[in-house]
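Values in this document were obtained by computation on a predicted structure and should not be read as measured data.
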Amino acid sequence: MNGEQLKDFVVDKADDLKAVDIKALDVRGKSSVTEFLVVCSGTSRTHVNAIAENVVTEAKHAGLQPLGIEGKAGGEWVLVDLGDVVLHVMQEQTRDFYQLEKLWS
């Protein structure tokens, strides 16, 4: 699966669990560690964790092994590193505070 296909896969799997305001950012040429950032919001800690867990589970079913998962204990911001795509699932107030979309655009 190439970077574009993986980005679409991650967006689709986040959308399956009703992630809010999903944005895919092309960071090729801006980052040396990934091609795309996918940023979305969950409505609660439980929702944030469920979105991230669904992406991880579906990735594993597709034969992809996540390189890392961070933040599940807190549930305010969970990061899932899939190599060419890094998923950031955040609660709305955390997303407003860090403004990743603004930082990377």
Point to revise | Common cluster, V85/V27, ILVMFWY with side-chain heavy-atom separation under 4.5 Å | key: no
**Study point:** Same cluster (ILVMFWY, side-chain, under 4.5 Å), L6 and L17
**Key:** yes
Check your understanding: Just wondering, do C40 and V20 contact through their side chains at under 4.5 Å, heavy atoms?
Key -> no
Exercise for review: May I ask you to test the V48-E76 pair for a side-chain heavy-atom distance under 4.5 Å?
Suggested key: no
Check your understanding: What heavy-atom pair brings G3 and E35 nearest, and what distance separates the two atoms?
Key -> CA-OE1, 3.5 Å
Review point. Do V86 and L79 come within less than 4.5 Å of each other through their side chains, counting heavy atoms only?
Key: yes
Practice item. Would you indicate whether the side-chain heavy atoms of M90 and F97 approach each other to under 4.5 Å? Key: no
Review point. Is any side-chain heavy atom of D8 less than 4.5 Å from a side-chain heavy atom of D12?
Key: no
Check your understanding: Going only through I, L, V, M, F, W and Y residues with side-chain contacts under 4.5 Å, is there a path from V80 to W77?
Key -> no
Revision key, fill the gap. Rounded to the nearest 0.5 Å, the CG atom of D84 sits from the NZ atom of K7 at a distance of 12.5 Å
Check your understanding: In Å, rounded to the nearest 0.5 Å, how long is the span from CG of L100 to NZ of K23?
Key -> 13.5 Å
Review point. Checking K30 side chain against W104 main chain: does a donor-acceptor pair fall under 3.5 Å?
Key: yes
Check your understanding: Would a hydrophobic clustering, with Ile, Leu, Val, Met, Phe, Trp and Tyr connected at side-chain separations under 4.5 Å, put L103 with L25?
Key -> yes
Review point. Roughly how far, to the nearest 0.5 Å, is the CG atom of L64 from the CZ atom of F9?
Key: 6.0 Å
Exercise for review: Please report the C-alpha distance between D81 and I69 in whole Å, then the side-chain angles of each, then the deciding distance to 0.1 Å, and finally whether the side chain to side chain contact (heavy atoms under 4.5 Å, CB included) criterion is met.
Suggested key: CA-CA 6 Å; D81 184 351; I69 304 163; over 6 Å; no
Review point. Less than 4.5 Å apart, any side-chain heavy atom of R28 and any of F36?
Key: yes
Point to revise | V56 to P66 - nearest heavy-atom pair and separation | key: CG1-CG, 4.0 Å
Point to revise | Expected output: side-chain S41 to main-chain E92 donor-acceptor under 3.5 Å | key: no
Point to revise | T34 side chain to G83 backbone, donor-acceptor under 3.5 Å | key: yes
Exercise for review: Examine distances only and state if a side-chain atom of T57 and a backbone atom of E53 form a donor-acceptor pair shorter than 3.5 Å.
Suggested key: yes
Review point. About how many Å separate CG of D16 and CG of N54, when rounded to the nearest 0.5 Å?
Key: 6.0 Å
Review point. Between N2 and Q5, is there a donor-acceptor pair closer than 3.5 Å when you use the side chain of the first and the backbone of the second?
Key: yes
Check your understanding: Within a reach of under 6.0 Å around CD of E70, are more than 12 heavy atoms found that belong to other residues, nucleotides or ligands?
Key -> no
Check your understanding: V78 versus N49: any side-chain heavy-atom pair under 4.5 Å?
Key -> yes
Review point. Hey, are D21 and R95 close enough for a salt bridge, meaning a charged N less than 4.0 Å from a carboxylate O?
Key: yes
**Study point:** Student check: side-chain heavy atoms of L37 and H88 closer than 4.5 Å
**Key:** yes
